[in-house]
Number of protein chains: 2
Amino acid sequence: MSTINDVSRLAGVSKATVSRVLSGSRGVKEASRLAVLKAVDELNYRPNVIAQSLLSQSTGCIGVICAHENINQTTSYLYVLEKHLSQHQKHLLLRFANTKSAVLHALEELNCGLCDDILIIGARFPLDIDQENVILVDCMEAENVNSIQFDHAFAAETACNYLISQGRRQIAMIQPQGSGFADQVLLGYKHALEKNFLPFNRNLVFLEATSSSVALQELLNNAATLNFNALMVADEHEAQHIIPQLQAFNKSVPDDIMVFSLGGSLQLPGVPVIPAIEYPIEAMAVRIVNWLTEKTQDMLGTQLMRGDLFIPDVRRKASR
Amino acid sequence: MSTINDVSRLAGVSKATVSRVLSGSRGVKEASRLAVLKAVDELNYRPNVIAQSLLSQSTGCIGVICAHENINQTTSYLYVLEKHLSQHQKHLLLRFANTKSAVLHALEELNCGLCDDILIIGARFPLDIDQENVILVDCMEAENVNSIQFDHAFAAETACNYLISQGRRQIAMIQPQGSGFADQVLLGYKHALEKNFLPFNRNLVFLEATSSSVALQELLNNAATLNFNALMVADEHEAQHIIPQLQAFNKSVPDDIMVFSLGGSLQLPGVPVIPAIEYPIEAMAVRIVNWLTEKTQDMLGTQLMRGDLFIPDVRRKASR
DNA sequence: CTGTTAGCGCCTTCAT
DNA sequence: ATGAAGGCGCTAACAG
């Protein structure tokens with residue numbers, strides 16, 4: 001790799017002039033400007049970003065630590081994030097970490113000059129971090145200033161309302177252990193019931209379920225008395241586990257039981273499409289990039305991010 | 001962030017001594033060693049990797065450009081790669097790029113001092129790159145020295161043999177346009193037929209299919225005469241598109257038609273599990289990391305990577 | 001054993 | 001308009 005010295009020598013000017021030409025060339029004689037450009041082209045010179053980083057004290061690298069349990073959930077995040085970051089000449093440095101210690105370890109490794117800022121996404125365990133350049137996205141227990149959180153109560157309320165509007169008044173709910181949002185979800189769930197003058201049945205609700213399978217079995221064992229006709233689960237992944245089990249018990253989806261995902265739908269080919277709350281990843285990415293570039297407005301933590309209600313289009317079921 | 005100067009000042013030694021203590025401290029008086037360590041701890045000092053990189057001319061960053069069409073395919077790659085890379089203190093710099101120009105653009109941006117080496121994964125378009133520090137993984141037309149390629153002919157042959165062993169002698173095949181491996185796959189397919197003394201029926205094979213849907217329709221329209229009972233498709237994604245369409249035509253899978261994926265199975269919950277050729281990602285990651293760290297053995301291009309035959313365990317169908 | 005010196009490649013004053 | 005010099009934070013060679 002050729003350096004600025006090579007260029008300056010070949011062009012017969014000083015390093016300073018080369019630098020000037022390459023960064024907003026103003027106050028440079030046209031002749032030397034051309035000489036520099038020619039030398040640059042000849043040597044195929046590209047300024048070393050590391051040296052620039054050392055000087056500017058910023059690398060343009062954003063560390064992204066994916067703490068989500070199931071990786072498929074993160075894929076769409078990553079794709080959208082990378083798109084927005086690269087549009088702003090920022091680089092995405094990827095890390096996976098499923099436990100608190102793993103996250104902290106990754107944080108340590110990334111946070112020693114390599115990354116300007118760090119995103120932690122989808123952690124389902126408490127994470128007492130309070131660094132200025134770290135922002136938590138969809139993590140639990142983030143009283144931190146820098147965080148983007150989802151409005152799970154609102155999601156649950158919307159979901160209930162939708163289900164009720166579809167004639168489903170016996171709504172069961174399973175939240176896996178350690179989701180971290182059980183109380184918020186329960187709040188929204190209860191709100192919706194209250195507003196619709198429906199009673200709250202404790203036996204329909206499984207918060208902190210060790211196994212969603214077992215919770216489902218318990219629901220099914222009491223199906224005769226509970227008589228539930230809708231089931232809210234945490235995310236698409238859960239839903240796709242649950243649905244075959246319902247079918248195995250001769251419950252058709254959605255006719256007998258409508259399954260609703262509170263955490264987005266993957267919409268992969270081959271899997272049944274179900275109604276869901278879909279969090280606007282694009283909008284989130286925009287908010288993140290804004291914060292990364294502006295750094296002034298701390299509009300991150302001010303308001304919870306609300307998802308959209310996604311309803312499967314039955315007509316398009318078979319099409320691509 | 002505190003620098004080595006702060007530490008040396010606080011510890012009352014020179015920068016050099018600090019550096020010595022932190023990197024394989026030998027030949028340092030115990031007293032000053034402890035003083036340095038104390039100062040380091042007090043200031044919470046961590047050496048700036050950028051400055052180190054400038055000196056060592058290597059950043060420990062590996063650029064990974066995902067050129068796969070469908071992102072879900074890349075997720076498992078990324079996860080495994082990141083695991084192996086971070087174990088070797090290397091960082092994964094992620095980029096998505098679906099077109100040749102996008103890949104070249106990303107390459108340009110990553111290849112100016114930021115990344116030591118760059119991986120391009122799953123490009124389905126020709127990519128005439130010949131840089132020492134770039135390695136192509138599962139890309140088409142990689143006569144390049146640095147590449148890991150999959151043995152698609154072997155995969156097709158294995159697939160056919162398996163299908164024939166299952167009593168499926170009328171094997172259809174759909175390869176999407178621009179997969180880049182159509183000829184290799186065809187080779188393996190023909191080999192298997194020959195070795196089993198089966199005739200080759202041109203109408204069963206769709207290479208360079210603009211739309212796999214249309215190809216399937218053509219197959220189904222001629223189902224009476226073709227009478228096919230197996231169908232090989234490029235990957236799981238294709239398979240999950242195809243299967244509902246088969247079912248819509250009252251063909252049951254796998255009873256009437258066994259669908260086989262030549263490019264791995266995602267094994268997501270909710271989607272039917274089908275037989276497939278599964279490429280050993282872990283082994284691939286090991287090979288890649290070996291090359292990145294050793295750089296000596298060019299065992300990358302020497303042999304094609306062969307996949308394993310994956311057969312769904314029917315008994316476990318309903319379990320997690 | 002330890003401090004001084006000289007750069008890694010770049011950019012930014014400060015003179016000229 | 002342009003060159004020389006200094007320094008970003010660190011390490012390696014060279015003296016002591």
Asker: Do the side chains of R124(A) and D138(A) get close enough for a salt bridge, i.e. N-O under 4.0 angstrom?
Answerer: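 Yes.
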Asker: Of all the nucleotides listed (dT2(C), dT13(C), dG9(D)), which has the minimum atom distance to the side chain of T17(B)?
Answerer: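 Among dT2(C), dT13(C), dG9(D), the one nearest the side chain of T17(B) is dT2(C).
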Asker: Just to confirm, is there a sub-4.0 Å distance from OP1 or OP2 of dC8(D) to any side-chain nitrogen or oxygen of Q52(A)?
Answerer: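 The answer is no; no side-chain N or O of Q52(A) sits under 4.0 Å from OP1 or OP2.
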Asker: Does K29(B) place a side-chain N or O at less than 4.0 Å from the phosphate oxygens OP1/OP2 of dT2(C)?
Answerer: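 Indeed, a polar side-chain atom of K29(B) lies that close.
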Asker: Figure out the CZ/P separation between R9(A) and dG3(D), and round it to whole Å.
Answerer: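 One finds 14 Å between P of dG3(D) and CZ of R9(A), rounded.
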Asker: Mind calculating the distance between CG (N5(A)) and C1' (dC10(C)) to the nearest angstrom?
Answerer: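 In whole Å, dC10(C) C1' and N5(A) CG are 9 Å from each other.
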Asker: Check the distance between dG9(D)'s P and D6(B)'s CG and give it to me in whole angstrom.
Answerer: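 Going from CG in D6(B) over to P in dG9(D) covers 9 Å.
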Asker: Where do K100(A) and D128(A) land on the salt bridge (Lys or Arg N to Asp or Glu O under 4.0 Å) test, with the steps shown first?
Answerer: CA-CA 10 Å; K100(A) 177 174 176 174; D128(A) 30 53; 3.6 Å; yes
Asker: Starting the side chain at C-beta, find the nucleotide from dT2(D), dT11(D), dC11(C) nearest to K15(A).
Answerer: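 So the side chain of K15(A) is nearest to dC11(C).
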Asker: Between M1(A) and E30(B), name the one whose nearest nucleotide on DNA chain C is closer to the 5' end.
Answerer: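 Closest to the 5' end, via its nearest nucleotide, is E30(B).
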Asker: From the options dA13(D), dC8(C), dC8(D), select the nucleotide whose nearest atom is closest to the side chain of R20(B).
Answerer: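 It is dA13(D).
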Asker: Could you tell me how far apart Q57(B) (CD) and dT11(D) (P) are, to the nearest whole angstrom?
Answerer: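 Rounding to the nearest Å, CD of Q57(B) and P of dT11(D) are 15 Å apart.
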Asker: May I have the distance from L114(A) (atom CG) to dG9(D) (atom P), rounded to whole angstrom?
Answerer: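 Nearest whole value for this atom pair: 16 Å.
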Asker: Closer than 4.0 Å, any side-chain N/O of S53(A) to the OP1 or OP2 of dC8(D)?
Answerer: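 Answer no for this pair, as no side-chain N or O of S53(A) is under 4.0 Å from OP1 or OP2.
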Asker: Look at the rings of H68(A) and Y77(A) and say which category their plane angle falls in: under 30° parallel, 30 to 60° tilted, over 60° perpendicular.
Answerer: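 Rings of H68(A) and Y77(A): perpendicular, over 60°.
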Asker: Nearest whole angstrom, please: distance from the P of dC8(D) to the CG of N48(B).
Answerer: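 For the pair N48(B) CG and dC8(D) P, the rounded distance is 12 Å.
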Asker: For I4(B) and dC8(D), give me the distance from atom CD1 to atom P, rounded to whole Å.
Answerer: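 Spelled out: CD1 on I4(B) to P on dC8(D) is 13 Å.
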Asker: Give the rounded distance in Å between these two atoms: CG of L43(B) and P of dG9(D).
Answerer: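 So the CG-P distance, L43(B) to dG9(D), works out to 14 Å.
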Asker: Could you please name the option among dG9(C), dT2(D), dT11(D) that lies closest to any side-chain atom of L55(B)?
Answerer: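 Nearest listed nucleotide: dT11(D).
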Asker: dC8(C), OP1 or OP2 - any side-chain N/O from T3(A) closer than 4.0 Å?
Answerer: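 It does not, given that no N or O in the side chain of T3(A) lies less than 4.0 Å from OP1 or OP2 of dC8(C).
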Asker: Is the shortest side-chain N to carboxylate O distance from D117(B) to K295(B) below 4.0 Å?
Answerer: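 K295(B) and D117(B): salt-bridged.
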Asker: Please check if the number of heavy atoms outside E30(A) that lie under 6.0 Å from its CD is greater than 12.
Answerer: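 For E30(A), atom CD is crowded (more than 12 foreign heavy atoms under 6.0 Å).
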